[in-house]
Asker: 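My structure is below; once you've seen it, I'll send some questions.
These numbers come from the heavy atoms of this one structure, side chains and all, not from hydrogens, waters or symmetry mates. In what follows, every chain begins at residue 1, and chains take the letters A, B, ... in the order their sequences are listed.
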Amino acid sequence: MKIATFNINGIKARISALSDWLDTAQPDVVLLQEIKSVDENFPREHFEDKGYIVETHGQKGFNGVAVLSKLPLEDVSHGLSGDESDEQARWIEATVMGDRAVRVCGLYLPNGNPAPGPKYDYKLAWMERLRTRAKEILTLEEPAILAGDYNVIPQDEDAATPESWRKDALALPESRAAFRRVLNLGYTEAFRARRLGPGHYSFWDYQAGAWNKNDGIRIDHMLLTPQAADLMQDCWIEAELRGREKPSDHVPVWIELDA
DNA sequence: ATGGCCGTGTTACACGGA
């Protein structure tokens, strides 16, 4: 089973590039972030015609997550528990029925800038809710993957120019600590279990020729329960997509599971 | 040397992103 997470930065603007990628890359499951669309306007038939089941959790203008799957889905749920008043669409869960059932959680973690401030407070509160949900999922003792745009640069080696991110919400010590608190529950960060060292990025800003200078950051992550980690065959970043026509500012991160 | 963008909603910019 091949699963990818991909922040597409707007479904309307990305429908062509996303379709071309799906046709050639052929993922079984895709977790999308920043669809920037309400559910009614998401072009679901377009992807159903390609053989995908489509589940969306959108809102007007911003945010929004979705799951595309060639395999049957069960127990789909929308939204992150822990704050009923939170109206931002940043979380979706489903169980993928492959050779093994795999619980997938697609997430779009708040950016949090400027920090300090209310947006940063929201980010940290959201991460605490994430930790609570991650803890619940571990108790199931089943293969599960928490994947998406975490908006966290875990370590300095995950940025080409770490000094320029020093005061940014993506790299502040509190953000990194909150990310580690989730990991330390007992999750495996899939990419780092396969590839070590600097120079691996999943986002390059549209500004200042960041892609041409390879001035990137690694902020799209996949966290695995022990049962999922045992099924991992490989994990990689498809950086090449950033150089294509009309790209998202993020690229897909992939995992292959023996499931 | 320095600054450089993009998408959405609404219709000339505001806002968010990272």
Asker: Distance check needed: dG17(B) P versus Asn63(A) CG, whole Å only.
Answerer: 7 Å
Asker: To the nearest angstrom, how far is Asp168(A) atom CG from dG17(B) atom C1'?
Answerer: 11 Å
Asker: dG7(B), OP1 or OP2 - any side-chain N/O from Asn9(A) closer than 4.0 Å?
Answerer: no
Asker: Between atom CD in Gln207(A) and atom P in dG3(B), what is the gap in whole Å?
Answerer: 12 Å
Asker: Between Gln59(A) and Leu109(A), just flag the one whose closest nucleotide in DNA chain B comes earlier from the 5' side.
Answerer: Gln59(A)
Asker: Ignoring backbone atoms, test whether Lys246(A) places a side-chain nitrogen or oxygen under 4.0 Å from the OP1 or OP2 oxygen of dC6(B).
Answerer: no
Asker: How many Å lie between CH2 on Trp204(A) and C1' on dC5(B), as a whole number?
Answerer: 16 Å
Asker: Can you label the angle between the His200(A) ring and the Phe191(A) ring as parallel, tilted or perpendicular, going by 30° and 60°?
Answerer: perpendicular
Asker: Phosphate oxygens OP1/OP2 of dC15(B): is one of them under 4.0 Å from a side-chain N or O of Lys60(A)?
Answerer: no
Asker: With a non-hydrogen cut-off below 4.0 angstrom, is Ala13(A) in contact with a base, only sugar-phosphate, or nothing?
Answerer: sugar-phosphate
Asker: For dA18(B), does either OP1 or OP2 sit under 4.0 Å from a side-chain N or O belonging to His250(A)?
Answerer: yes
Asker: Rounded to whole angstrom units, what separation is found between the CG atom of Asn111(A) and the P atom of dA18(B)?
Answerer: 5 Å
Asker: Identify whether any heavy atom of Arg90(A) sits under 4.0 Å from a base atom; if not, whether one sits that close to sugar-phosphate; answer base, sugar-phosphate or nothing.
Answerer: sugar-phosphate
Asker: Of Ile219(A) and Gly10(A), whose nearest nucleotide on DNA chain B comes first from the 5' end?
Answerer: Gly10(A)
Asker: Can you check the distance between dC15(B) and dT10(B), where both ends of the measurement are the C1' atom (answer in whole Å)?
Answerer: 12 Å
Asker: Give a yes or no on whether the backbone of Tyr108(A) and the side-chain of Arg90(A) come within a donor-acceptor separation of less than 3.5 Å.
Answerer: yes
Asker: Looking just at side-chain N and O atoms, do Lys70(A) and Gln26(A) make a donor-acceptor pair shorter than 3.5 Å?
Answerer: yes
Asker: Can you check the distance between dT11(B) and dG7(B), where both ends of the measurement are the C1' atom (answer in whole Å)?
Answerer: 15 Å
Asker: Is a donor on one side and an acceptor on the other found under 3.5 Å between the side chain of Ser69(A) and the backbone of Leu71(A)?
Answerer: yes
Asker: Could you tell me whether the phosphate oxygens of dG4(B), OP1 or OP2, come under 4.0 Å of any side-chain nitrogen or oxygen in Lys213(A)?
Answerer: no
Asker: Write down the distance separating the C1' atoms in dT8(B) and dA12(B), rounded off to the nearest Å.
Answerer: 14 Å
Asker: Whole Å only: how far is the CZ atom of Phe203(A) from the C1' atom of dG17(B)?
Answerer: 7 Å
Asker: What integer number of Å spans the C1' atoms of dC5(B) and dA18(B)?
Answerer: 12 Å
Asker: With a non-hydrogen cut-off below 4.0 angstrom, is Tyr108(A) in contact with a base, only sugar-phosphate, or nothing?
Answerer: sugar-phosphate
Asker: Do the rings of Trp21(A) and Phe6(A) sit parallel, tilted or perpendicular, given the 30° and 60° boundaries?
Answerer: perpendicular
Asker: How many Å lie between CD on Gln88(A) and P on dC15(B), as a whole number?
Answerer: 16 Å
Asker: Assign Asn151(A) to base, sugar-phosphate, or nothing according to its heavy-atom contacts below 4.0 angstrom with the strands shown.
Answerer: sugar-phosphate
Asker: Between C1' on dG7(B) and CD on Gln33(A), what's the gap in Å once rounded to a whole number?
Answerer: 16 Å
Asker: Classify Asn212(A) by what it touches in the nucleic acid, base, sugar-phosphate, or nothing, heavy-atom distance under 4.0 Å.
Answerer: nothing
Asker: Can you see if the side chain of Asn7(A) gets near the phosphate of dA18(B) - specifically, an N or O under 4.0 Å from OP1 or OP2?
Answerer: yes
Asker: With a 4.0 Å limit, can you tell me whether Tyr120(A) has a side-chain N or O closer than that to the phosphate oxygens OP1/OP2 of dA18(B)?
Answerer: no
Asker: Counting heavy atoms not belonging to Glu84(A), are there more than 12 under 6.0 Å from its CD?
Answerer: no
